[in-house]
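Quick notes on the structure that follows.
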Amino acid sequence: MTPSPPSPHGSDPREPKAAKAPRDPKKIPAEKAAVRKSVTEKTAAEKTVAETATGKKAAGKKAAEKKTAAAGKAVTKKAVTAKTTTKKAVASAVAKKTVSKKAGTKKAVAGKAVAAKRSVAREAPPAGPLEVALSPALDADDRERLLHGTHHQPHAVLGAHPAPGGIVFRAFRPYARSVAVVTGDLRAELHDDGDGFFSGLLPLREVPAYRLVVAYEDTVQETEDPYRFLPTLGDLDLHLIGEGRHEELWTVLGAHPLTHQGVAGTRFCVWAPNARAVRLAGAFNFWDGIGYPMRSLGSSGVWELFVPGIGEGELYKFDITRPDGSRTQRADPMARRTETPPATSSVVEASHYEWGDEEWLARRGERPAHEAPLSIYEVHLPSWRPGLTYRQLAEQLPAYVTELGFTHVELMPIAEHPFGGSWGYQVTGFYAPTARLGTPDDFRFLVDALHRAGIGVLMDWVPAHFPRDDWALAEFDGRTLYEHEDPLRAAHPDWGTLEFDYGRREVRNFLVANAVYWCEEFHIDGLRVDAVASMLYLDYSREPGQWTPNEHGGRENLDAVAFLQEMNATVYRRVPGVVTIAEESTAWDGVTRATHHRGPSGFGGLGFGLKWNMGWMHDSLEYMSHEPVYRRYHHGEMTFSMVYAYSENYVLPISHDEVVHGKKSLVSKMPGDWWQQRANLRAYLAYMWAHPGKQLLFMGQEFAQGAEWSEEHGPDWWLLDPAYGAEADHRGVRELVGDLNSVYRSTPALWERDTSADGFAWVVGDAADDNVLAFLRRDADGTPLLAVSHFSPVVRHDYRLGVPDDISAWYEVLNTDAGRYGGSDVFHPDPVKPEPQPWHGHPASIRLTLPPLSTVWLRPA
């Protein structure tokens, strides 16, 4: 934080001055020179004071205002110049007698009191210094609450307000030496009331447009008064916030540069319903929010302040007074930009990016995701090419992904997070792309570049939990707010984080709007939702006695279910063409079922478009980890996935989680020597691409990186350096991945009926002793593809497989044993013709030579 400049007297300017006693109109200091006053007392309980105008002439008649005895005597005075040395005492009022004093040719005229209206009619004063009266004293309670940061309505006492005798101006400018009001050609010095308060009563009929001239020890600033502006949020916005239904929440909360009442500045809004008061702190006020109290907008829990002159790039936080009177400075939960970690301030942001992906957006919704080719390259952006910014990544990533043929990238980490080692799964800035790689518009540039290259963009989204950092969301306004009030429900047992309170409508709104925000503001094509299982179950990772059943006595988190349903329904309604993907590791019924369709469990579907198939991933990797001689005993681990393959719309994920923290890289999981490891990997990848479901592969696995991934250094790109002796081995695997994607995208049988049982048929699923799996995939027209995986390191000649009898010949479109991939080059150069011999329940059969540790794809000739 930037410290405040030191006081010339050696004291800290942030220390409040000693309070001054309220001024007595009868004892105004004599040093206030050139004072002319006219006091008229009509009765013992009613006095009228005529205020003398400045200038060469008296400006017409003025009506004197009637006041009660309790209101006291109002005394007017002229603005005091710096060189005035004349001292005069103020004469007290005499009952029923007008007392006047002359100075030069100027004259004070007492007008007639208008009791009915209790107002003063005056002609406009001439240009120049304006006579300022003492304003009604600021209530002691208001004064104390402003000084101590507990005032919820500063606009009610600060700024300009009609008052008996004219318009009262009050400013709260700690550390200022003087404050003047400027309106048009007029200027009036306000009285120094002590503790940073300045005030004055001007003889005006209505509140004018005005500015403040604030003099500090070594500078003078002319500025707008933040407390002269009306609220920037309307009733509809506040109503929707209160109902938890504001689907564009980011447009009203947070910091927004805008022009309000003709003045440029920034609107700051934050939801903090438990706060006693909120003040705005930032680099613009040396992180001391004492002079920037925000106003409470009724029962909405929203605090608001429009600050003129503040624009893009300003750093800020909210200085919150908790219910117990203590204070905390918090980053903006709705900040759309942040400082680069480890710095934690929020940054005022406005986008100026002009998109060029109209063509992509127009056609991305032509086909539902589960009926379209979807091959995902998962990327940890900070470590993919360490040191590159968003814009530099935009020069390299689209070209690389295009070369490999993936249809989509899944990016992590995107939302801002304090600890890089969390990979973005402990989010503190839910609305801000991480500043480590650039600005929000820089991130837009990357997404746009990928779209223009024909590549969809998915992002990891984390609504399951958030960290406990004391500058972020945890007990944000002094009490549980974003987290559940029940400690057993709030604390996440695995990660030391806090779980959201999905039953609170404002919290649910915060998350639902966040999902929409990424899709609408950054053109994200899909959200991969992290840790869904931990949200769905009250007993997730909890022992008996550590959780409380729901209202029906069950373990389901009904609030989380309702949230996920609302999120999915809202995103699909507002942003056609996007897809939501659940990382859900249990057998929850209906993850990808529509929200209005109830299943056997009685719940409506969660409404996701796709779900990660964690069961397939664990089972298939377990099978592949065994030596081929033992695989016959684990054959069911490769076939079991087809028992439930159509219960949901699946993605087959080989993600970052499977190649880190002692789990080994994908090629290193494979048994055997280096040749066998690569052969196993190639066969496994082709089996994966042919299996029903979409596929996801984490970076580095596409070229058989042997080491585990580390976010500190990223993929081992040097393995693809031609100067490296084994470069061909790694490049061969990468070439296979490119060919897998190319054939996959051009073969509808591999993706068009991923979610329909009619699109799959076993040829042989029980050849455990041979380590062989063979099946047919069919597209919507019935055109088949035959996939044969052989997970044994021997060559099998004349291996007979049953096939349909309506195909005249089959030809090989992909063989993972090809020499250019690093294989032994056992392949079928000529079409294979069926024989009229029934086999495996089919009316015809073919004989193939199965290469060692390989997968072969064949299509009708």
Side-chain angles (χ1 to χ4, degrees), residues 20 23 25 28-29 31-38 49-60 62 64-65 73-84 86 88 90 103-104 106-109 119-138 157-173 176-194 196-216 219-229 263 291 308:
K20 297 181 181 179
R23 300 186 180 189
I28 296 177
E31 62 266 27
K32 305 293 185 179
V35 177
R36 289 186 175 87
K37 298 179 173 64
S38 179
V49 179
E51 187 174 25
T52 303
T54 60
K56 295 181 179 179
K57 291 185 178 181
K62 301 181 181 181
E65 180 182 9
K73 301 174 182 178
V75 182
T76 62
K77 69 175 184 177
K78 286 186 177 180
V80 181
T81 63
K83 295 183 179 180
T84 302
T86 305
K88 294 188 178 183
V90 179
K106 296 183 181 180
K107 189 176 182 182
V109 181
S119 62
V120 181
R122 301 178 180 88
E123 295 182 6
L130 187 66
E131 191 173 87
V132 181
L134 287 177
S135 65
L138 182 64
V157 292
L158 300 179
H161 302 276
I167 302 298
V168 62
F169 292 82
R170 291 196 188 95
F172 182 35
R173 293 286 171 149
R177 302 188 69 176
S178 67
V179 177
V181 171
V182 175
T183 174
D185 294 331
L186 303 180
R187 174 186 174 114
E189 293 287 337
L190 299 183
H191 300 283
D192 184 348
D193 299 333
F197 292 96
F198 298 83
S199 67
L201 180 67
L202 302 189
L204 303 173
R205 296 184 181 184
E206 57 185 24
V207 176
Y210 69 93
R211 294 171 65 83
L212 299 178
V213 177
V214 186
Y216 294 96
T219 186
V220 176
Q221 298 176 350
E222 183 172 338
T223 181
E224 297 282 352
D225 184 1
Y227 299 94
R228 81 170 181 86
F229 294 92
V263 176

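Keep in mind that what you see is a predicted model, and the values were worked out from it rather than measured.
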* Asked: What closest approach, in Å, do G200 and H191 show between heavy atoms, and which atom pair accounts for it?
  -> CA-CD2, 4.2 Å

* Run the side-chain contact (heavy atoms from CB on, under 4.5 Å) check on V181 and L212 step by step: do they pass? -> CA-CA 5 Å; V181 171; L212 299 178; 4.0 Å; yes

* Asked: Which heavy-atom pair separates L201 from P164 by the least distance, and what is that distance?
  -> CD2-O, 3.7 Å

* To do: Test R170 against every option in D193, L138, L190 by the side-chain contact (heavy atoms from CB on, under 4.5 Å) rule and name the one that passes.
  => L138

* For A171 and L158, work out which heavy atoms get closest and say how close. => C-CD2, 4.3 Å

* Return the set of residues passing ring pair (Phe, Tyr, Trp, His ring centres under 6.0 Å) with Y210 (not counting sequence neighbours), or none when no residue passes. => F169

* Structure fact -> When every non-hydrogen atom of R173 is compared with those of E224, the smallest separation belongs to NH2-O, 3.9 Å

* Asked: For the residue pair L202 and A188, what are the closest heavy atoms and their distance?
  -> CD2-CB, 3.7 Å

* Asked: Can you tell me how far CD1 of I167 sits from NE2 of H161, rounded to the nearest 0.5 angstrom?
  -> 10.0 Å

* To do: Mind listing the closest non-hydrogen atom pair of G291 and Y227 along with its distance?
  => O-OH, 3.7 Å

* **Interatomic spacing from OG1 in T183 to CG in L204 - rounded to 0.5 Å** => 7.0 Å

* Can you find a pair of side-chain heavy atoms, one from V207 and one from P162, that are under 4.5 Å apart? -> yes

